[in-house]
Amino acid sequence: MATKLDNFIGGQYVQVAADCQQWIPVTTPHTGEVIAQCPVSTPADVDAAVKAAHDAFPAWSQRTFKDRAQILLRYHHLIANKYRDELAHLIVKEHGKTFAEALGDLAKGNETVEYACAMPELASGRIQEVSRGVTCHDTRVPLGVVVSIVPFNFPFMCPNWTLPIVLATGNTMVLKPSEKVPLTMTRVAAILKEAGVPDGVFNIVLGTAPVVNALIDHPLVKAVTFVGTTHVAEMVHRRATGRGIRCLALGGAKNHLVAAPDVDVEMAAHDIVNSFTGCSGQRCMAASVLLIVGDNQKLVDAIVAKAKVLTQKEIGPVIDDASVKRITGYIDESEKGGAKLLLDGRPWTSRLQPGHFVGPTVILHTNASDRALHDEVFGPVLSILHVPTLDAAIAIENANPYGNAAAIYTQSGFTAEYATKRFSAGMIGVNIGVPVPREPFSFGGWNRSKFGDADITADGGMEFFTKRKKVTTKWSVPSERSWLN
Ligand code: NAD
């Protein structure tokens, strides 16, 4: 019997309430073997976690930024050194990433911790004499209990987009990890405690939709962040803002890459293959559609040549059987509709070996209405469409409802600027297929890839997780009088 997972509440691992009705098997995507059982926590568990965070808030919020940053510095060190390999192996096991990708997941998450460690510098308020003898200053005040709901595709990084900034700014937190990858952050809870995070400041409650809804509805919760599919992001945003609390909900994506006629074929092919096959295509920033301006057979051939030599060890599995079915469904449908499979990843799904594998797939579409060109496939699949002009490519990109990332491949600064100004997405690449803005730049898309105004990391997170208090002060009657004094 696989281990039954506990919640982490008030600084302790705590068994889910005895009346828990549902346990979800956690599988390793490499073989499909069940490695743990994740509870769908009860309303009493949710209440206990939120109350623990609420009780810890007064003392935590009154500590200085410096004090909190020092704890996060220790956390950063523990993740980067003492527990790096242990956590990377856990990510490989529960998620299916390669070891190198798991290290990347940890390193990228830890970059947000680095940013949060600079909070004593970043969060200092402004002060100015705004009228003779009158000064204004502002300070950042934490909100209280913050809830973060995260997806499966980055077991460490996505929770750590919010966790360090939430804590550094003096809030307390309840995290709801993905039920598909609950092991990594369950382990991290004890590491945060070792780093010095006081009991109750960070809590985990495991489960699925009912737990998410109970967290959003809890009267002591002051803000919610969500990362996941667009459909759920929109529901979560509506539910949270409907009860008047802050919500930032990041959704899915359909990222377009555009190859201009002057593209550097070798560099672009390498980058595009990396973008659509990395993490098995399970990245919200992954290339999904390649729009080639004109007829560039050399680029198509180079992409296929590079993708077809990749092995299962280099790409890894996708998360589960449902994903295999969804991804191969799009491939089947494209083929039936007349698209040409330049590289077919379906043979990797052969039941000759266990696990949830789909090989790299390159589809050449001739029908612009094929669903694989419009829906989020979330697997190692690249859809190629030839277009006559750059403007035609930009029009296709603009018409898709998402807006996470877009990229232009060109050697011309003019073409790059022309496209970057016109793409309708929050994160743009020039000759880069995974244009993730690294700190101090903030992460966040546009359109139906994000519901809510702020970005989730860097100064976007700092703004979202705090409210500003503005103080206007006068100590003497100035000689020059104005409406302010
Ligand atoms: P998901 O929407 O299925 O699940 C995300 C979280 O929501 C999980 O914790 C899950 O338990 C919970 N959830 C699922 N259904 C729910 C419901 N009906 N009500 C309330 N909560 C629910 O997403 P996923 O499959 O885990 O992750 C993949 C998706 O996340 C992709 O669409 C990907 O593009 C997106 N993603 C987006 C970003 C971004 O920055 N925009 C980053 C990473 C992943």
Side-chain angles (χ1 to χ4, degrees), residues 22 24 26 29 38-41 46 94-97 105 108-109 112 147-162 174-182 184-186 204-217 224-240 247-255 278-288 318-320 322-323 326-327 356 375-379 400-405 425-427 434-437 442-452 454-458 460-461:
Q22 203 189 343
I24 296 172
V26 182
C38 177
V40 178
S41 299
V46 169
E94 70 172 344
H95 178 281
K97 285 185 194 296
D105 185 6
K108 186 68 188 84
T112 314
V147 163
S148 285
I149 301 141
V150 287
F152 79 83
N153 63 324
F154 283 90
F156 183 81
M157 181 188 75
C158 283
N160 280 280
W161 276 347
T162 54
V174 180
L175 177 75
K176 208 297 287 167
S178 165
E179 66 282 7
K180 295 177 185 169
V181 293
T184 303
M185 287 308 294
T186 294
I204 290 180
V205 64
L206 298 169
T208 54
V211 173
V212 171
N213 292 340
L215 284 166
I216 298 170
D217 294 347
V224 173
T225 70
F226 173 89
V227 182
T229 50
T230 285
H231 168 66
V232 183
E234 190 170 28
M235 286 193 317
V236 163
H237 188 260
R238 197 175 298 136
R239 191 170 186 125
C247 182
L248 179 60
L250 274 55
K254 188 73 182 169
N255 304 318
C279 300
S280 289
Q282 299 173 120
R283 287 190 284 201
C284 67
M285 297 293 283
S288 186
V318 295
I319 189 74
D320 54 18
S323 290
R326 186 191 62 245
I327 297 162
H356 310 304
D375 297 357
E376 182 176 40
V377 177
F378 222 54
N400 100 89
Y402 297 101
N404 226 34
M427 295 173 280
V434 187
V436 175
S442 59
F443 187 99
W446 289 1
N447 309 331
R448 292 182 65 74
S449 290
K450 191 180 75 179
F451 300 86
D455 279 347
I456 202 160
T457 59

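Just so you know, ligand 1 is whichever comes first in the structure, and atom 1 is the first atom listed for that ligand. By convention here, the first residue in the shown sequence is residue 1.
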R283 and ligand 1 - part of the residue with a heavy-atom distance under 4.0 Å: neither

For Y402, which part has a heavy atom under 4.0 Å from ligand 1: side chain, backbone, both, or neither? neither

Given D320, N404, T208, V232, which has its nearest heavy atom closest to atom 15 (N) of ligand 1? V232

Yes or no on side chain to side chain contact (heavy atoms under 4.5 Å, CB included) for F154 and C279, after CA distance, side-chain angles and deciding distance? CA-CA 9 Å; F154 283 90; C279 300; 4.1 Å; yes

Would you say ligand 1 has an N or O under 3.5 Å from any N or O of E179? yes

Find the distance between CH2 (W161) and CG (D455) and round it off to the nearest 0.5 Å. 10.5 Å

In this structure, CD1 of I456 is separated from CG of L248 (nearest 0.5 Å) by 5.0 Å

Counting heavy atoms only, which of I216, V212, V40, L215 comes nearest to atom 20 (C) of ligand 1? V212

Considering only protein heavy atoms, which is closest to atom 26 (O) of ligand 1, and at what distance to one decimal place? F152 N, 3.1 Å

With backbone taken as N, CA, C and O and side chain as the heavy atoms from C-beta onward, which portion of F226 lies under 4.0 Å from ligand 1: side chain, backbone, both, or neither? side chain

Nearest 0.5 Å, what's the CD1-CG distance between I149 and L250? 12.0 Å

If you count the atoms of ligand 1 from 1 in the order shown, which ones are under 4.0 Å from a heavy atom of S178? 9 (O)

Where ligand 1 meets I149 - atom numbers and elements under 4.0 angstrom, heavy-atom basis: 6 (C), 7 (O), 9 (O)

Of the listed options I24, V181, N153, closest to atom 43 (C) of ligand 1 (non-hydrogen atoms): N153

Output for pair (N153 CG, S280 OG), nearest 0.5 Å, gives 11.0 Å

Quick note on ligand 1: atoms under 4.0 Å from a heavy atom of P151 include exactly 5 (C), 24 (P), 26 (O), 27 (O), 30 (O), 43 (C), 44 (C)

Would you name the heavy atoms of P29 and E94 that are closest together and state the gap between them? CD-O, 3.5 Å

Over-ring placement of K176 relative to F226, 6.0 Å and 45° cut-offs: no

Considering non-hydrogen atoms only, spot the tightest contact between C284 and F443 and give its length. SG-CZ, 3.9 Å

A405, A209, A286: member with heavy atom nearest to atom 17 (C) of ligand 1: A209

In the complex you have, is atom 23 (O) of ligand 1 within reach of the protein, judged by whether a heavy-atom distance drops under 4.0 Å? yes

Can you confirm, on distance only, whether ligand 1 has an N/O atom lying under 3.5 Å from any N/O atom belonging to F378? no

Tell me: protein heavy atom nearest atom 6 (C) of ligand 1, and distance? V150 O, 3.5 Å

Heavy-atom distances under 4.0 Å are what count here, so tell me which part of M235 touches ligand 1: side chain, backbone, both or neither. side chain

Minimum distance, heavy atoms only, to atom 41 (N) of ligand 1: which one of G445, C284, G251, S449 is it? G251

What verdict does the side chain to side chain contact (heavy atoms under 4.5 Å, CB included) test give for V436 and K108, after you've listed the backbone C-alpha separation in whole Å, the side-chain angles of each residue and the deciding distance to 0.1 Å? CA-CA 10 Å; V436 175; K108 186 68 188 84; 3.7 Å; yes

State whether the shortest distance between N or O atoms of T229 and N or O atoms of ligand 1 falls below 3.5 angstrom. yes

Check for me whether F443 has a heavy atom closer than 4.0 Å to any atom of ligand 1. yes

Enter the distance from R239:CZ to D217:CG here, rounded to the nearest 0.5 Å. 4.0 Å

Protein contact to atom 35 (C) of ligand 1 [nearest heavy atom, distance to 0.1 Å]: G228 O, 3.2 Å

Ligand 1 atoms in contact with K176 (distance to a heavy atom under 4.0 Å): 8 (C), 9 (O), 10 (C), 11 (O)

Atom NZ in K180, atom CD1 in I319: separation rounded to 0.5 Å? 6.5 Å

Testing S178, P155, C158, P159 one by one against M185 for a side-chain contact (heavy atoms from CB on, under 4.5 Å), which residue passes? P159

Protein heavy atom at shortest distance from atom 34 (O) of ligand 1: E376 OE2, 2.6 Å

G403 to S449 - nearest heavy-atom pair and separation: N-OG, 3.1 Å

Tell me which protein heavy atom sits closest to atom 5 (C) of ligand 1, plus the residue, atom name and distance to 0.1 Å. V227 O, 3.7 Å

Could you report the tightest heavy-atom contact between P151 and V181, atom names first, then the distance? O-CG2, 4.3 Å

